[in-house]
Number of protein chains: 2
Amino acid sequence: MKAEATRTQIVEAADRLFYRQGYEHTSFAAIAEAVHISRGNFYYHFKSKDDILRAVIAARLEDRRRMLTRWEAEEADPAARIRRFVEIVAANRADIQNYGCPVGTMTTELAKLGHPALDEAGGLFTLFRTWLREQFTRLGHREQADALAMHVLAFSQGVATLAHAFKDEDFIHREVQRMHHWLSRYSAGAQGTAPVDGPRAGT
Amino acid sequence: MKAEATRTQIVEAADRLFYRQGYEHTSFAAIAEAVHISRGNFYYHFKSKDDILRAVIAARLEDRRRMLTRWEAEEADPAARIRRFVEIVAANRADIQNYGCPVGTMTTELAKLGHPALDEAGGLFTLFRTWLREQFTRLGHREQADALAMHVLAFSQGVATLAHAFKDEDFIHREVQRMHHWLSRYSAGAQGTAPVDGPRAGT
DNA sequence: AGGATTTTAGGACAGTCGTCCTACGCGGTG
DNA sequence: CACCGCGTAGGACGACTGTCCTAAAATCCT
């Protein structure tokens, strides 16, 4: 049963390398070296490089799913949950400045490669989108819940891309603050009743 | 002097291919085929693949610079110029849905590759940032001009990334509208005096 | 301890990559 | 017409890629 442990190690190393160097640019040999494993032996655990990619995507999906479930347990208020999501870019600022958003960069790369696993990678976006939509719905914004969810996602992608390009930490905090302020318009809680006229322009 | 014409053709084909397939994924052979040129003959015009990349980046810089200069000629109002920038994502929606933002995706890829031309590619972001900052300064937001410029850039990157991932055209138009509304807070023109309390959260 | 099974190492493979070299074709000038 | 030089074609090169194969090693079970 040692195989499973090795498999996990491979997936973890590949995850890190795909994130830092990109999928195509990460060679089989590089992963092998990171795990201290023979190159040819890979095919005992995976039948192709695509297979490793799929395992990495599945692992990320599982990980993010667990994260969202944990948030739901820790935060009863949907508004607090959304704030938690917004805080991701601040909490992970170091990685984001160095390598960008794991979801956005991988999706973009796989799209350019015309890789068949693109849809699976897109599932990560859908996971967040669905979860955010659910939180906005609970806040009473049923009609516009999906549009609001997409707006929050766009915020995180925009901030991640620019923080990566400019290595600017202050920028991250400014935009996170901006987003929190915008969110307060849609949080029923301490902010009073929610607006009924739909999403408005604002920071 | 036929060499220069061929060189231009190569740069244009490489530009398109780098945008659609990514830099690393675009082989020398692919560019050669697109230009109907022999593979080995490339090195008469460029001394390496990096060299082509640099030429592509320089061409894009020149092109975008010209675009901004044209806008300055066509629009006297700085607010109108900024709106023009925001409209890019709507005007180029087809390409953006299919291939993402040319600037953002290239910068991200070169960063992952650890490519030395990353800084030159980042110059495209800086070009827009500086130009936007200048427009906001003219609108009277001297202190926060750079932060506002970055916010507009983040908007465009976020929208481009998600529109690319979800192939959602309605989303683009919704977010562009949102951004126009947000911009109206900072446009001195028809909107009354500009706010003095700095950027606020909002769409 | 011994045999069966799981896991590993390391090299062979065909293909592709960026790069370089050399010889050929075409144009205008003397 | 002969010539010279710019532009081109096409192949050779070494390095690297993902993949596959086979033999050895490690592990587990009785």
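These numbers come from a predicted model, not from an experiment. All chains are named by letter (A, B, ...) in the order of the sequence lines, taking the proteins before the strands, and each is independently numbered beginning at 1.
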Novice: Report yes if some heavy atom in the side chain of D50(A) is under 4.5 Å from a heavy atom in the side chain of Y23(A); otherwise report no.
Specialist: yes
Novice: For the residue pair F28(A) and Y43(A), is the inter-centroid distance of their aromatic rings smaller than 6.0 Å?
Specialist: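 That pair passes the under 6.0 Å test.
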Novice: dT8(D), dA9(D), dG18(D): which one has an atom nearest the side-chain heavy atoms of F28(A)?
Specialist: dG18(D)
Novice: Rounded to whole angstrom units, what separation is found between the OH atom of Y43(A) and the P atom of dT17(D)?
Specialist: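 Interatomic distance, OH of Y43(A) to P of dT17(D): 12 Å.
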Novice: Using 0.5 Å steps for rounding, measure from the CZ atom of R60(B) to the CG atom of L124(B).
Specialist: 7.5 Å
Novice: Could you tell me if the side chain of D95(A) sits less than 4.5 Å from the side chain of Y19(A), heavy atoms only?
Specialist: yes
Novice: Can you tell me the distance, in whole Å, between the CD atom of E33(A) and the P atom of dC16(D)?
Specialist: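 From E33(A) CD to dC16(D) P: 13 Å.
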Novice: To the nearest angstrom, how far is F42(A) atom CZ from dC21(D) atom P?
Specialist: 18 Å
Novice: If I take atom OG1 from residue T137(A) and atom CD from residue E143(A), how far apart are they, to the nearest 0.5 angstrom?
Specialist: 10.0 Å
Novice: Residues from residues 8-15 of chain A sitting under 4.0 Å of DNA chain D, heavy atoms only?
Specialist: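 Nothing qualifies; none.
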Novice: In whole angstroms, how far is the P atom of dT27(D) from the CD atom of E4(A)?
Specialist: 18 Å
Novice: Distance only, no hydrogens: is a donor on one side chain within 3.5 Å (strictly under) of an acceptor on the other, for H115(A) and E109(A)?
Specialist: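 No.
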Novice: E75(B) pairs by side-chain hydrogen bond (donor to acceptor under 3.5 Å, both in side chains) with which of R84(B), R70(B), R83(B)?
Specialist: R84(B)
Novice: How bent is the helix from dG3(C)-dC28(D) to dC24(C)-dG7(D), comparing axes over its five end pairs at each side, to the nearest 10°?
Specialist: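 Its terminal axes enclose an angle near 10°.
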Novice: Do H151(B) and R174(A) have side chains that approach each other closer than 4.5 Å (heavy atoms only, starting at C-beta)?
Specialist: no
Novice: Between N41(A) and S27(A), which has a closest nucleotide on DNA chain D that is more 5'?
Specialist: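 Per heavy-atom nearest nucleotide, the more 5' residue is S27(A).
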Novice: Under the 6.0 Å and 45° cation-pi test, does R129(A) pair with F166(B)?
Specialist: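 Judged by the rule, R129(A) and F166(B) form a cation-pi pair.
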Novice: Mark yes when over 12 heavy atoms from residues, nucleotides or ligands other than E74(A) sit less than 6.0 Å from its CD; otherwise mark no.
Specialist: yes
Novice: Please identify the 5'-most and 3'-most nucleotides of DNA chain C with any atom under 4.0 angstrom from a heavy atom of chain B.
Specialist: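 Boundary nucleotides touching chain B, in 5' to 3' order, are dC17(C) to dC21(C).
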Novice: For a quick test of reading the model: is some side-chain N or O of Y44(B) closer than 4.0 Å to OP1 or OP2 of dG7(D)?
Specialist: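 Yes, Y44(B) has a side-chain N/O under 4.0 Å of OP1/OP2 on dG7(D).
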Novice: Nearest whole Å is fine: how far is dC13(D) C1' from R39(B) CZ?
Specialist: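 The answer, rounded to whole Å, is 12 Å.
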Novice: Centroid-to-centroid, F85(A) to F155(A), below 6.0 Å?
Specialist: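 Centroid distance F85(A)-F155(A): not below 6.0 Å, so no.
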Novice: Calculate the interatomic distance between H36(B) atom NE2 and dA9(D) atom P; express it in whole Å.
Specialist: 11 Å
